Peer 1: 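My questions will all concern the structure given below.
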Amino acid sequence: MMREEQREKRRPKKRRPRRRRRRLNPKAIPVLIALFLIVLIAGILVGRMLYEKYSPSKEQADLNAYFDLTDTEEMAIIMNDTILDEKALYIDDTVYLDVETVYDYLNTRFYWDSTENLYLYALPTELVSVDAGESSYTVAKASESEDYVILRVDGSNAYVALDFVQKYTNFTYEYWEEPNHVHIITEFGSRDVVTAQKNAVVRYQAGIKSPILTTVEKSTTVYVLDEPEEIEEWTRVLTKDGYIGYIRDKNLSSVTQKTIEEPEFEEPEYTSISKDYTINLAWHQVTNMDANDTLLTRIADAKGLTTISPTWFSIADTDGNISSLASQSYVTYAHQQGLEVWALVDNFTDGVSTYETLSKTSSRQRLVNQLIAAAIQYGLDGINVDFESITEECGRAYTQFIRELSIMCRINGIVLSVDNYVPTEYTEHYDRAEQGVFVDYVIIMGYDEHYSGSEEAGSVASYDFVEQGIQNTLEEVPAEKVINAIPFYTRFWRTDEDGNVTSEALGMDAADQKLINNEVTAIWDEVTHQYYVEFEYENAIYQMWMEEEESIEEKMKLIKEYELAGVAEWRLGLERSTIWDVILKYLN
């Protein structure tokens with residue numbers, strides 16, 4: 001046992017094999033460092049890319065560029081919910097709008113006379129007038145003043161103080177500086193709004209990378225604007241300080257309603273003369289003084305006639321003077337017969353430009369004053385304006401003439417009526433809606449559907465043409481102010497073998513004589529509601545759409561159906577006596 005233990009002690013112990021450490025090759029160290037740096041840089045780049053992609057931009061928008069401001073005096077205009085291309089001016093702590101901007105967006109009743117540098121506004125019985133560069137203005141003949149220059153003229157451009165416009169127009173506005181912008185509100189009532197649930201940025205476009213326009217604080221209310229296409233997670237808004245942009249939906253409350261209160265503003269009342277009977281007016285064509293003596297014979301057979309309109313006055317020159325065929329004895333006799341006299345003024349004088357006459361305030365007012373002076377001198381009951389072939393260029397000046405004439409007529413108790421073509425897109429500049437405010441009666445000349453220069457033959461006043469004219473006029477003028485005029489004439493048409501068209505105007509008896517002379521019979525046409533005749537003679541086609549008792553009655557039915565103020569007839573002397581019995585049936 002002992003020996004065995006001793007032998008065991010003497011037996012050598014086995015050693016575990018020792019691992020040999022590999023030494024790092026010094027040449028590999030730079031490679032490893034480079035790989036580490038590449039991985040680190042790649043991670044940084046990926047992180048930056050992810051951050052740039054998903055983190056909101058803090059870039060502030062260039063607000064001068066946003067409002068497209070290039071000058072320190074320029075001011076951007078936000079009109080309700082739209083940033084206009086037009087710019088205002090900000091001078092001496094006053095906001096100025098170009099007169100055209102005022103006309104287009106705020107009030108078409110302001111009139112700018114660029115020739116005489118006058119800015120005008122027609123009130124019911126007064127004309128407001130401002131001279132360029134002045135802080136004072138006149139109302140009628142009384143002078144008033146403001147603490148700012150009202151009208152500034154720079155070359156061909158004119159700017160009016162917004163405060164002055166607000167005296168006569170229903171709107172509110174607020175403006176801010178740096179950048180200069182003004183917010184004008186003309187639309188009032190209930191609006192969709194949302195409230196910021198926390199401080200939130202308003203971005204130029206819908207996206208977190210879009211530049212920031214402004215920041216709205218928590219609990220701030222902004223207006224919700226319509227968007228042509230639905231954009232998820234974003235709402236288009238208008239802030240109270242005039243910025244239009246986008247806020248993320250997660251920062252907003254649900255949509256509620258808010259009322260934009262209308263300011264206290266009293267619209268002027270443009271009163272009118274309204275007769276308590278159905279008007280039956282006939283035009284009496286007077287071409288010289290001797291023609292005034294024919295009144296007795298012209299009205300001898302007329303029944304139910306209430307008003308006579310002699311063609312007495314014309315624009316004589318571009319200074320606004322008039323020529324006159326007025327007769328005191330004519331007026332006296334008409335009044336004795338129970339007729340009112342509404343003398344007609346026309347613009348038919350050859351070589352006299354209506355535009356040149358009406359576009360200058362001095363000549364326009366001279367024309368008004370001479371007409372009113374004549375009306376007072378001769379005891380006229382009314383003035384009938386028959387200005388035809390008004391160009392679009394002349395439209396505003398023509399409307400201003402009507403306004404200014406209405407002021408003087410209203411002051412003097414003179415009835416003002418205006419003759420108009422059947423409405424078409426080519427005559428919109430006659431501004432029937434504005435006439436409906438300022439004048440007493442708007443007369444539709446419900447004829448000349450086909451006229452002397454027409455390229456094809458046709459009716460002078462077919463049923464549909466007349467009805468459409470009435471309907472379109474009633475879209476702009478109340479029925480109690482509308483008179484429909486009917487023709488006492490027709491046209492006898494000739495179309496030759498080459499397609500050339502000519503015609504002559506005929507009264508009723510003369511038209512009947514054509515039938516007798518050519519031994520033809522007219523046939524009733526259900527489309528035009530007129531008797532129609534057609535025949536051939538010597539390689540030409542002759543046609544006629546006749547005006548007589550039955551066709552006139554169809555037109556009178558329309559006048560009654562649409563409850564118009566009355567009827568007018570062009571012209572005395574072309575009718576036959578039995579026509580008056582037809583007309584009388586439809587007069588109250």
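As the structure is a computational prediction, the values presented were derived from the model and not from experiment. Only this structure's heavy atoms are used, side chains among them; waters, hydrogens and symmetry mates stay out.
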Peer 1: Please determine, by modelled atom types, if Thr354 and Asn347 share a side-chain donor-acceptor pair under 3.5 angstrom.
Peer 2: yes
Peer 1: Within the side chain of Asn170, is there an N or O that forms a donor-acceptor pair under 3.5 Å with the backbone of Thr186?
Peer 2: no
Peer 1: With a sphere of 6.0 Å drawn around CD of Glu550, does it hold more than 12 non-hydrogen atoms of other residues, nucleotides or ligands?
Peer 2: yes
Peer 1: Examine distances only and state if a side-chain atom of Asn518 and a backbone atom of Leu515 form a donor-acceptor pair shorter than 3.5 Å.
Peer 2: no
Peer 1: Could you point out which residue of Ile383, Ile322, Leu325 forms a side-chain contact (heavy atoms from CB on, under 4.5 Å) with Trp312?
Peer 2: Leu325
Peer 1: When you measure from the side chain of Thr311 to the backbone N and O of Val286, does any donor-acceptor pair fall under 3.5 Å?
Peer 2: yes
Peer 1: Check this for me: Glu455, atom CD, are more than 12 non-hydrogen atoms of other residues, nucleotides or ligands nearer than 6.0 Å?
Peer 2: no
Peer 1: Within this structure, what is the OH-CG distance for the pair Tyr586 and Leu558, rounded to the nearest 0.5 Å?
Peer 2: 10.0 Å
Peer 1: Check whether the side chains of Ser327 and Ser329 place a donor and an acceptor atom closer than 3.5 Å, and report yes or no.
Peer 2: yes
Peer 1: With distance as the sole criterion, is a donor-acceptor pair present between the side chains of Tyr489 and Glu547 under 3.5 Å?
Peer 2: no
Peer 1: Looking at Asp226, I'd like to know if its CG atom is crowded, meaning that more than 12 non-hydrogen atoms belonging to other residues, nucleotides or ligands lie closer than 6.0 Å.
Peer 2: no
Peer 1: Before we go on, tell me: are the rings of Tyr111 and Tyr119 under 6.0 Å apart, centre to centre?
Peer 2: no
Peer 1: Under a 3.5 Å cutoff, is there a donor and acceptor pairing between the side chains of Gln468 and Asp464?
Peer 2: no
Peer 1: Give the C-alpha distance, both sets of side-chain angles, the deciding distance and a yes or no for side-chain contact (heavy atoms from CB on, under 4.5 Å) between Trp493 and Glu456.
Peer 2: CA-CA 9 Å; Trp493 299 90; Glu456 61 179 11; over 6 Å; no
Peer 1: So, Asn384 and Trp283: side-chain donor and acceptor under 3.5 Å apart, yes or no?
Peer 2: yes
Peer 1: Applying salt bridge (charged side-chain N to carboxylate O under 4.0 Å, His left out) to Glu100 and Arg396, what does each step give before you reach the verdict?
Peer 2: CA-CA 12 Å; Glu100 284 300 308; Arg396 291 192 197 179; 2.9 Å; yes
Peer 1: Testing Tyr451, Tyr447, Tyr430 for ring-ring contact (aromatic ring centres under 6.0 Å, His included) with Tyr421, which one passes?
Peer 2: Tyr430
Peer 1: Tell me whether Glu262 at atom CD has more than 12 heavy atoms from other residues, nucleotides or ligands lying less than 6.0 Å away.
Peer 2: yes
Peer 1: With side chains defined as the heavy atoms from C-beta onward, is the minimum distance between Leu120 and Thr361 less than 4.5 Å?
Peer 2: yes
Peer 1: Between Glu434 and Arg403, is there a salt bridge with N-O shorter than 4.0 Å?
Peer 2: yes
Peer 1: Only one of Arg491, Arg494, Lys514 clears salt bridge (Lys or Arg N to Asp or Glu O under 4.0 Å) with Glu504; which?
Peer 2: Lys514
Peer 1: Answer with yes or no after comparing the ring centroid distance for Phe265 and Phe171 against a 6.0 Å cut-off, counting only values under it.
Peer 2: no
Peer 1: List the atom of Pro310, the atom of Val341, and the distance in Å for their closest heavy-atom pair.
Peer 2: CD-CG1, 3.8 Å
Peer 1: Between Arg432 and Thr427, does any side-chain donor sit less than 3.5 Å from a side-chain acceptor?
Peer 2: yes
Peer 1: In sequence, state the C-alpha distance, the side-chain angles, and the governing distance for Gln530 and Tyr463, and then conclude on side chain to side chain donor-acceptor pair (under 3.5 Å).
Peer 2: CA-CA 8 Å; Gln530 293 171 303; Tyr463 184 88; over 6 Å; no
Peer 1: Can you establish whether the number of heavy atoms outside Glu269 located under 6.0 Å from its atom CD is more than 12?
Peer 2: no
Peer 1: Assess whether ring-ring contact (aromatic ring centres under 6.0 Å, His included) is satisfied between Tyr103 and Phe110, documenting all intermediate values.
Peer 2: CA-CA 7 Å; Tyr103 182 89; Phe110 280 101; over 10 Å; no
Peer 1: Side-chain donor-acceptor pair under 3.5 Å between Glu449 and Ser462, yes or no?
Peer 2: yes
Peer 1: For Tyr531 together with Trp545, are the ring centres under 6.0 Å from each other?
Peer 2: no
Peer 1: For atom CG of Asp85, is the number of surrounding heavy atoms from other residues, nucleotides or ligands below 6.0 Å larger than 12?
Peer 2: no
Peer 1: Has Thr424 got a side-chain atom pairing as donor or acceptor with Tyr426's backbone, closer than 3.5 angstrom?
Peer 2: yes
Peer 1: Test Glu549 against Thr578 for side chain to side chain donor-acceptor pair (under 3.5 Å), laying out the working first.
Peer 2: CA-CA 7 Å; Glu549 287 81 357; Thr578 51; 2.3 Å; yes
Peer 1: Evaluate the ring planes of Phe488 and Trp580, with Trp represented by its six-membered ring, and classify them as parallel (under 30°), tilted (30 to 60°) or perpendicular (over 60°).
Peer 2: perpendicular
Peer 1: So, are Arg364 and Glu404 salt-bridged, with charged N and O less than 4.0 Å apart?
Peer 2: yes
Peer 1: Any side-chain to backbone donor/acceptor pair from Asn420 onto Val418? Under 3.5 Å, distance only.
Peer 2: yes
Peer 1: With no hydrogens and no angle check, do the side chains of Thr294 and His284 hold a donor and an acceptor under 3.5 Å apart?
Peer 2: yes
Peer 1: For Arg410 and Tyr270, indicate whether the former's side chain and the latter's backbone hold a donor-acceptor pair under 3.5 Å.
Peer 2: no
Peer 1: Is a donor from one side chain sitting under 3.5 angstrom from an acceptor on the other, for Ser314 and Asp346?
Peer 2: yes
Peer 1: Could you tell me whether a side-chain N or O of Gln370 sits under 3.5 Å from a main-chain N or O of Val368, the two making a donor and an acceptor?
Peer 2: no
Peer 1: Report the C-alpha distance between Glu340 and Thr306 in whole Å, list the side-chain angles of each, state the deciding distance to 0.1 Å, and finish with yes or no for side chain to side chain donor-acceptor pair (under 3.5 Å).
Peer 2: CA-CA 6 Å; Glu340 289 201 345; Thr306 65; over 6 Å; no
Peer 1: Do Gln328 and Tyr330 get their side chains close enough for a donor-acceptor pair, meaning under 3.5 Å?
Peer 2: no
Peer 1: Compute the ring centroids of Tyr441 and Trp342, then answer whether they are less than 6.0 Å apart.
Peer 2: yes
Peer 1: Any ion pair linking Lys481 and Asp440 (charged N to carboxylate O, less than 4.0 Å)?
Peer 2: no
Peer 1: Going by atom types alone, do Asp301 and Ser577 pair a side-chain donor with an acceptor below 3.5 Å?
Peer 2: no
Peer 1: Taking atom types as modelled, is there a side-chain donor on Glu467 or Tyr562 under 3.5 Å from an acceptor on the other?
Peer 2: yes
Peer 1: Measure from the side-chain N and O atoms of Asp525 to the backbone N and O of His529, and report whether any donor-acceptor pair falls under 3.5 Å.
Peer 2: no
Peer 1: Looking at Gly320, is its backbone amide N or carbonyl O close enough to the side chain of Asp317 to form a donor-acceptor pair, meaning the two atoms are under 3.5 Å apart?
Peer 2: yes
